[in-house]
Enquirer: 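Pasting a structure below so you can have a look.
Every chain is numbered from 1, with letters handed out A, B, ... down the list of sequences.
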Amino acid sequence: MSGDFQAPKGVSEYFPPRSGIFEKVVRKLEHVSLAANYHLIELPVFEDTELFTRGVGESTDVVSKEMYTFEDRGGRSLTLRPEGTAGVIRSIIEHGLDRGQLPVKLYYRGPFFRAERPQAGRYRQFYQFGIEAVGLDDPFLDAEVISIAYRGFSSLGLKNFELQITSLGDDESRGKHRVEFLKFLSNLDLDGETLDRVKKNPLRIFDDKRAEIQAKIKDAPVLLDFLTSDSSMKFEAVKGALEELEIPFVVNSRMVRGLDYYTGTAFEFVHKGLGAQASIGGGGRYDGLMKTLGGQDLSGIGFGLGIDRIILALETEGLVDTSNENSKGVDEYLDLFIVPIGDSAKLRAISLIEMVRKTGFVADMGFGDRSLKGAMKAADKLNARHVLVLGDAELQSGQGRLKRMADGNEVSITLDSLAASLKNAV
RNA sequence: GUGGGCGUAGCUCAGCUGGUAGAGCACCCGGUUGUGGUCCGGGAUGUCGCGGGUUCGAGCCCCGUCGCUCACCCCA
């Protein structure tokens with residue numbers, strides 16, 4: 001480590017060549033979303049604090065202890081967004097996006113913030129890609145949302161993951177279950193900390209990683225068994241649609257979601273190659289959120305995918321070339337690299353380069369005062385497909401030789417028609 | 001907030017039971033006049049995280065501190 005400064009604790013940074021993977025992941029996810037008619041919504045990274053306390057739920061860990069909250073100069077309490085859905089819903093309400101055709105289909109991506117203790121795959125600033133379909137309560141829309149995430153993962157080449165789904169039911173389903181569940185828990189001998197958690201959200205106990213706790217709740221009543229017929233039918237419809245789409249899934253009746261607004265369908269994509277933070281994406285339906293935030297009483301469904309974790313997953317599956325730091329071997333390349341000899345050559349080179357770039361080629365040139373050999377080496381490292389050496393002879397004659405790096409062949413070209421020659425060569 | 005591991009060149013790391021630092025990769029130059037990938041030769045690079053202590057002497061021991069990392073909690 002060197003220099004006087006270090007990045008703040010727990011943030012991830014992406015620089016070349018790894019940043020290329022980041023771009024690729026985002027592009028693929030955008031592609032599958034656009035293909036399903038979801039469009040970009042770009043939102044602020046900070047919002048009124050109350051948007052999250054009210055929307056996400058004060059009892060959640062996210063809100064109660066993981067928010068980056070600060071006061072602006074006007075004394076307003078603002079918070080760096082810890083998740084994406086609340087902001088999307090806020091914007092929909094604020095701008096009346098829900099007054100036209102429903103559902104409103106949107107996707108977003110960008111940084112999110114949670115003040116947690118960092119860990120493998122868990123960062124204080126992390127990146128998410130998410131979509132929301134708002135305004136209709138249709139189980140087939142649930143299936144569509146899930147399928148988009150699934151297609152996204154598949155198109156990236158991921159294999160070692162599992163889709164888990166469940167239904168959290170409606171208020172009535174949950175009320176009935178809660179009574180039985182609390183009755184069951186009251187017969188258990190639990191420590192204080194665990195009791196606290198149970199008080200906030202009884203279901204959370206399913207997520208406890210301690211074996212002795214898991215043993216105690218082995219026979220606990222499960223929410224799925226308490227679904228009302230309406231909730232149950234919707235859940236069956238979602239499963240049926242997933243089967244129709246040939247998307248494999250497992251029902252996990254003990255799945256727990258960290259945000260309070262979820263109702264009905266809930267799902268999570270779990271990768272098997274990651275550490276303790278195995279979830280690469282998750283989401284679900286939220287019935288009451290929009291109304292809670294002051295909008296119409298409309299239901300919505302969406303997901304959030306962790307880009308950082310997807311990248312980790314890709315790497316553990318060997319889908320990313322991390323063999324060395326230089327850019328050779330990855331799909332980055334230059335169409336042309338010009339090696340100028342002397343300042344007058346540089347002057348000509350810089351305009352030639354620009355001309356070539358305008359026609360859509362990727363081009364670079366040797367800067368500084370490197371030896372010819374050094375510049376050629378640089379061209380090779382940068383994975384240049386063609387190289388043009390530009391010296392006094394070329395400047396005077398207006399002719400040059402375009403070298404194809406793959407086999408060393410050279411063709412004569414005139415400098416003025418460099419772009420055209422390159423087009424022929426490629 | 002709690003616990004474990006680790007902090008040595010840009011990167012990955014070595015450094016034996018304490019004697020004032022090394023390797024590989026990367027980087028730069030060169031191997032006869034203007035042409036890369038292999039090979040060969042040469043070169044630069046570190047307040048050994050920071051502060052204190054023990055010692056004739058510490059990268060190696062002790063204390064503190066900061067940071068990183070993994071795990072718990074929780075989540076993407």
Enquirer: So for A/Asp380 and B/G37, does any side-chain atom that can act as donor or acceptor lie under 3.5 Å from a complementary atom in the base?
Expert: no
Enquirer: Evaluate whether the aromatic ring of A/Phe126 and the six-membered ring of the B/A76 base sit under 5.5 Å apart, centre to centre, with an inclination under 30°.
Expert: yes
Enquirer: Strictly under 4.0 angstrom, non-hydrogen atoms only: write out the protein contact profile of nucleotides 41-46 of chain B, one letter per nucleotide from the 5' end, B, S or -.
Expert: ------
Enquirer: Could you pull out the protein-nucleic contacts involving nucleotides 29-34 of chain B (nitrogen or oxygen on both sides, under 3.5 Å)?
Expert:
unit_1: B/G30; atom_1: OP2; unit_2: A/Ser371; atom_2: OG; d: 3.4
unit_1: B/G31; atom_1: N7; unit_2: A/Lys373; atom_2: NZ; d: 3.1
unit_1: B/G31; atom_1: O6; unit_2: A/Lys373; atom_2: NZ; d: 3.0
unit_1: B/G34; atom_1: O6; unit_2: A/Ala393; atom_2: N; d: 3.2
unit_1: B/G34; atom_1: N1; unit_2: A/Glu394; atom_2: OE1; d: 2.9
unit_1: B/G34; atom_1: N1; unit_2: A/Glu394; atom_2: OE2; d: 3.2
unit_1: B/G34; atom_1: N2; unit_2: A/Glu394; atom_2: OE2; d: 2.7

Enquirer: Suppose you measure atom P in B/G59 against the same atom in B/U47; what distance do you get, rounded to whole Å?
Expert: 14 Å
Enquirer: If you apply the rule ring pair (Phe, Tyr, Trp, His ring centres under 6.0 Å), what do you find for A/Phe126 with A/Phe113, and how did you get there?
Expert: CA-CA 6 Å; A/Phe126 56 101; A/Phe113 308 85; 7.8 Å; no
Enquirer: What's the closest nucleotide to the side chain of A/Ser279 if the choices are B/C74, B/A76, B/C27?
Expert: B/A76
Enquirer: Nearest-Å distance, CG (A/Leu259) to C1' (B/A76)?
Expert: 10 Å
Enquirer: Once you round it to whole Å, what is the distance between P of B/A76 and CZ of A/Arg124?
Expert: 18 Å
Enquirer: Should A/Arg404 and A/Asp407 count as an ion pair when the cut-off is N to O under 4.0 Å?
Expert: yes
Enquirer: Can you tell me how far apart CG (A/Leu319) and NZ (A/Lys159) are? Round to the nearest 0.5 Å.
Expert: 7.0 Å
Enquirer: To the nearest Å, give me how far apart CD1 (A/Ile338) and P (B/U35) are.
Expert: 18 Å
Enquirer: Taking the C1' atom in each of B/A44 and B/G52, what is the distance between them to the nearest angstrom?
Expert: 34 Å
Enquirer: Starting at CD of A/Glu30, measure out to CG of A/Leu40 and round the result to the nearest 0.5 Å.
Expert: 7.0 Å
Enquirer: Distance check, C1' atoms only: B/U55 and B/C61, in whole angstrom units.
Expert: 10 Å
Enquirer: On a whole-Å scale, what distance lies between the P atoms belonging to B/U45 and B/G1?
Expert: 42 Å
Enquirer: Is there a donor-acceptor contact under 3.5 Å linking the side chains of A/Gln399 and A/Ser412?
Expert: no
Enquirer: Would you compute the distance between atom CZ of A/Phe361 and atom CG of A/Leu418 and round it to the nearest 0.5 angstrom?
Expert: 9.0 Å
Enquirer: Show the nearest heavy-atom pair for residues A/Val356 and A/Leu336, with the distance to one decimal.
Expert: CG2-CD2, 4.0 Å
Enquirer: Work out how far the C1' atom of B/G36 is from that of B/C48, and round it to whole angstrom.
Expert: 38 Å
Enquirer: Starting at atom CE of A/Met255, determine the distance to atom C1' of B/A76, rounded to an integer number of angstrom.
Expert: 14 Å
Enquirer: Taking the nucleotide of RNA chain B with the nearest heavy atom to each, does A/Arg404 or A/Arg309 sit closer to the 5' end?
Expert: A/Arg404
Enquirer: Any side-chain donor-acceptor pair under 3.5 Å between A/Glu144 and A/Tyr38?
Expert: yes
Enquirer: Charged N to carboxylate O below 4.0 Å: is that the case for A/Arg124 and A/Glu116?
Expert: no
Enquirer: Partners of A/Phe46 by ring pair (Phe, Tyr, Trp, His ring centres under 6.0 Å), sequence neighbours excluded?
Expert: none
Enquirer: More 5' along RNA chain B: A/Gly281 or A/Arg122, using each one's nearest nucleotide?
Expert: A/Arg122
Enquirer: Requiring both pairing distances under 3.5 angstrom, list the stems that contain RNA chain B and are made of three or more consecutive Watson-Crick or G-U pairs.
Expert: B:1-7 with B:66-72, B:10-13 with B:22-25, B:27-31 with B:39-43, B:49-53 with B:61-65
Enquirer: Below 3.5 Å, does any donor atom in the side chain of A/Gln277 face an acceptor in the base of B/A71, or the other way round?
Expert: no
Enquirer: Counting distance only, does the side-chain N/O of A/Asn252 pair as donor-acceptor with the main-chain N or O of A/Gln164 below 3.5 Å?
Expert: no
Enquirer: Rounded to whole angstrom, note down the C1' distance from B/C56 over to B/C72.
Expert: 48 Å
Enquirer: With the threshold set at under 4.0 Å for non-hydrogen atoms, list the residues of residues 405-418 of chain A touching RNA chain B in residue-number order.
Expert: A/Met405, A/Ala406, A/Gly408, A/Glu410
Enquirer: Do other residues, nucleotides or ligands put more than 12 heavy atoms under 6.0 Å from A/Asn160 CG?
Expert: yes
Enquirer: Does A/Lys272 NZ have over 12 foreign heavy atoms under 6.0 Å away?
Expert: yes
Enquirer: Can a cation-pi geometry be assigned to A/Arg254 and A/Phe206, taking NZ or CZ under 6.0 Å from the six-membered ring centre and within 45° of the ring axis?
Expert: no
Enquirer: What is the minimum heavy-atom distance between A/Ala149 and A/Leu305, and which atoms define it?
Expert: CB-CD2, 4.1 Å
Enquirer: For the pair A/Phe267 and A/Phe269, name the ring-plane relationship: parallel under 30°, tilted 30 to 60°, perpendicular over 60°.
Expert: perpendicular
Enquirer: Quick one: A/Leu382 CG to B/U35 P, roughly how many Å, whole number?
Expert: 20 Å
Enquirer: Say you draw a straight line from CZ of A/Phe226 to NE2 of A/His177; how long is it, rounded to the nearest 0.5 Å?
Expert: 5.5 Å
Enquirer: Heavy atoms under 4.0 Å, any strand shown: does A/Arg257 hit a base, just sugar-phosphate, or nothing?
Expert: sugar-phosphate
Enquirer: Return the value, rounded to whole Å, for the distance between atom NZ of A/Lys65 and atom P of B/C72.
Expert: 13 Å
Enquirer: Out of curiosity, A/Ser299 OG to A/Arg285 CZ, how far, rounded to the nearest 0.5 Å?
Expert: 4.0 Å
Enquirer: Say you pick atom C1' in B/A26 and the same atom in B/C62; how far apart are they, in whole Å?
Expert: 38 Å
Enquirer: What integer number of Å spans the C1' atoms of B/U2 and B/C74?
Expert: 14 Å
Enquirer: How many whole angstroms separate atom CD of A/Glu116 from atom C1' of B/G1?
Expert: 13 Å
Enquirer: Mind listing the N/O atom pairs, protein and nucleotides 68-70 of chain B, below 3.5 Å?
Expert:
unit_1: B/C68; atom_1: OP2; unit_2: A/Lys9; atom_2: NZ; d: 2.8
unit_1: B/C70; atom_1: OP2; unit_2: A/Ala120; atom_2: N; d: 3.0

Enquirer: Quickly work out the A/Glu66 CD to B/C74 C1' distance and round it to whole Å.
Expert: 6 Å
